[in-house]
Trainee: 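A single structure is presented below for examination.
All of these numbers come straight from a predicted model, not from anything done at the bench.
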Amino acid sequence: MNEMVAITPLPAPVQATMSDDSSEILRFAAECFDRGEVAIATLVDIRGGAARSLGSLVAVAVDGSYCGYVSGGCVEAAVAFDALLAIAEGRDRTMMFGQGSPFFDIALPCGGGITVAIHVLRDISAIRLVLERLERRQPVGLRYAPSHQSLVAVDPPVQSGWFEDEFLSVYLPRTRILISGRSLEARATARCANILGYDVIRIENGNPHYVARMIDAFTAVVLLHHDLEAEAPLLGLALSSPAFYIGALGSMKTHSRRVEMLTRSGFARTDIDRIKAPIGRFGPARDSTSLALSVLADIAAMRQGIRES
């Protein structure tokens with residue numbers, strides 16, 4: 001007589017936290033790994049339109065909790081369920097959704113298709129190294145080899161994608177916004193930036209030289225003064241830094257005066273041309289909140305260009 005084999009049912013996937021920040025997702029994976037098994041689902045192919053970029057992640061714990069996005073929220077629960085299957089089987093798997101998928105019950109509203117590679121974590125060292133690099137505000141990459149079912153931290157590639165039979169993901173530090181000024185506009189911009197989760201540094205008065213070391217290639221410098229003399233010390237530091245965005249408050253006439261002052265101080269035209277002035281994505285803004293939204297939209301657009309380059 002054949003014995004009945006008991007099949008343990010899988011837990012229902014439950015979104016633990018809503019975030020598409022790579023650091024938060026990988027930190028969730030590391031914390032869950034300390035308590036049990038974890039799988040990482042990575043967006044490795046896009047067919048047509050998609051809500052997320054290549055390399056986007058979902059981390060799934062053995063208890064069914066998950067964090068992250070590989071779409072606009074359409075397939076995350078299905079991805080989490082497949083990740084639970086992979087954990088139960090003890091081997092990686094690849095799933096297709098939307099266009100090109102064999103499943104007609106899962107469609108993406110954009111009409112495109114995505115492929116998600118699910119890796120069962122057997123070693124957390126690569127994830128911890130990525131988190132350490134990001135904490136030090138250094139770009140870092142992850143190399144996933146399906147044939148070896150391995151995940152390794154590496155120097156970041158130019159962009160996420162397949163290199164022969166391995167998928168390389170690039171992860172960049174969170175955008176830092178350094179805001180200088182005691183104006184109402186500076187307060188509004190800092191408030192909005194904090195709400196959006198940016199790393200915000202305020203400078204209201206005093207000598208700004210102590211923050212020069214905090215300006216890196218993933219920093220936006222925002223000068224919201226009503227006085228060119230007040231902005232001058234930090235502006236000079238910003239122009240000598242690798243900041244990806246430098247914006248300054250003022251009209252075209254004010255900027256012409258700014259250019260004259262910088263030219264007399266010996267700054268090259270190529271450096272001066274880095275300044276976005278009048279500041280913002282749209283304008284003229286006639287209230288502090290509109291200006292804040294305009295500035296942050298401009299920063300987000302330029303930062304997206306860094307991610308896609």
Trainee: Is it true that Phe28 and Val14 fall in one hydrophobic cluster, defined by side-chain heavy atoms closer than 4.5 Å?
Mentor: no
Trainee: Determine whether the side chains of Asp273 and Thr270 contain a donor N or O and an acceptor N or O closer than 3.5 Å.
Mentor: no
Trainee: Just checking His226: does its NE2 atom have more than 12 heavy atoms from other residues, nucleotides or ligands closer to it than 6.0 angstrom?
Mentor: yes
Trainee: Are Ser19 and Asp21 close enough that a side-chain donor and a side-chain acceptor fall under 3.5 Å?
Mentor: no
Trainee: Is a salt bridge present between Asp45 and Arg47, judged by a nitrogen-to-oxygen distance below 4.0 Å?
Mentor: yes
Trainee: With sequence neighbours excluded, what pairs up with Asp155 under the side chain to side chain donor-acceptor pair (under 3.5 Å) test?
Mentor: none
Trainee: Check whether Arg133 reaches the backbone of Ala153 with its side chain - one donor and one acceptor, N or O, closer than 3.5 Å.
Mentor: no
Trainee: Tell me which pairs pass side chain to side chain donor-acceptor pair (under 3.5 Å) where either residue lies in residues 31-44, with sequence neighbours left out.
Mentor: Asp34-Arg128
Trainee: Nearest heavy-atom pair of Leu121 and Phe33: which atoms, and what distance?
Mentor: O-CE1, 3.6 Å
Trainee: If hydrophobic clusters are built from ILVMFWY residues whose side chains come within less than 4.5 Å, do Ile118 and Leu54 share one?
Mentor: yes
Trainee: Quick check: do Leu178 and Val222 have side-chain heavy atoms less than 4.5 Å from each other?
Mentor: no
Trainee: Roughly how far, to the nearest 0.5 Å, is the CZ atom of Arg257 from the CG atom of Leu228?
Mentor: 4.5 Å
Trainee: Quick test of your reading of the model: are Arg122 and Asp92 salt-bridged, counting only N-O distances below 4.0 Å?
Mentor: yes
Trainee: Could you pull out all residues at least two apart from Ala248 that satisfy side-chain contact (heavy atoms from CB on, under 4.5 Å)?
Mentor: Leu223, Glu231, Arg258, Ile275
Trainee: So, the side chain of Thr219 versus the backbone of Asp216: is there a donor-acceptor pair under 3.5 Å, distance only?
Mentor: yes
Trainee: With a sphere of 6.0 Å drawn around CD of Gln149, does it hold more than 12 non-hydrogen atoms of other residues, nucleotides or ligands?
Mentor: yes
Trainee: When rounded to the nearest 0.5 angstrom, what distance separates OG in Ser71 from CD1 in Ile114?
Mentor: 5.5 Å
Trainee: Out of curiosity, Arg137 CZ to Leu172 CG, how far, rounded to the nearest 0.5 Å?
Mentor: 10.0 Å
Trainee: May I ask you to check whether over 12 heavy atoms, not counting those of Arg136, lie within 6.0 Å of atom CZ?
Mentor: yes
Trainee: Less than 3.5 Å apart, any donor N or O on the side chain of Tyr69 or Gln15 sitting next to an acceptor on the other?
Mentor: yes
Trainee: Does Arg182 CZ have over 12 foreign heavy atoms under 6.0 Å away?
Mentor: no
Trainee: Quick one: does any side-chain atom of Ser290 pair with a main-chain N or O of Arg286 as donor and acceptor, under 3.5 Å?
Mentor: no
Trainee: Is it the case that His225 and Ser180 place a side-chain donor and acceptor less than 3.5 Å from each other?
Mentor: yes
Trainee: I'd like to know if Tyr171 and Ile127 are part of one continuous hydrophobic network [Ile/Leu/Val/Met/Phe/Trp/Tyr, side-chain heavy atoms within less than 4.5 Å].
Mentor: yes
Trainee: Could you see if Met214 belongs to whatever hydrophobic cluster contains Val221? Use Ile, Leu, Val, Met, Phe, Trp, Tyr and a side-chain cutoff under 4.5 Å.
Mentor: yes
Trainee: Would you mind checking if Asp199 and Arg174 are paired as a salt bridge, meaning a charged N to carboxylate O distance below 4.0 Å?
Mentor: no
Trainee: To the closest 0.5 Å, what do you measure between CD (Glu166) and OG (Ser150)?
Mentor: 7.0 Å
Trainee: With no hydrogens and no angle check, just 3.5 Å: does a side-chain donor-acceptor pair link Ser294 and Arg281?
Mentor: no
Trainee: With sequence neighbours excluded, what pairs up with Ile25 under the side-chain contact (heavy atoms from CB on, under 4.5 Å) test?
Mentor: Leu57, Ala59, Cys67
Trainee: Under a 4.0 Å threshold between the charged nitrogen and the carboxylate oxygen, would Arg187 count as salt-bridged to Glu185?
Mentor: no
Trainee: Between atom OG of Ser241 and atom CG of Asp271, what is the distance when rounded to the nearest 0.5 Å?
Mentor: 10.0 Å
Trainee: Kindly say whether Leu239 contributes a backbone atom to a donor-acceptor pair with the side chain of Arg274 at under 3.5 angstrom?
Mentor: yes
Trainee: For Val70, does its backbone N or O pair with a side-chain atom of Glu76 as donor and acceptor, under 3.5 Å?
Mentor: yes
Trainee: Over all heavy atoms of both residues, which pair between Arg93 and Ala86 is shortest? Give the atoms and the distance, please.
Mentor: CG-CB, 3.8 Å
Trainee: So how far is it from Ile272 CD1 to Leu262 CG, rounded to the nearest 0.5 Å?
Mentor: 5.0 Å
Trainee: For Phe167 versus Gly55, what's the shortest heavy-atom pair and its separation?
Mentor: CZ-N, 3.9 Å
Trainee: Can you get from Val200 to Leu184 by hopping between Ile, Leu, Val, Met, Phe, Trp and Tyr side chains that sit under 4.5 Å apart?
Mentor: no
Trainee: If the condition is side-chain contact (heavy atoms from CB on, under 4.5 Å), which residues does Glu260 pass it with, not counting sequence neighbours?
Mentor: Arg264
Trainee: Does Ser183 reach the main-chain N or O of Leu224 with its side chain, forming a donor-acceptor pair under 3.5 Å?
Mentor: yes
Trainee: For Ser265, give me all partners under side-chain contact (heavy atoms from CB on, under 4.5 Å), at least two apart in sequence or on another chain.
Mentor: Phe267
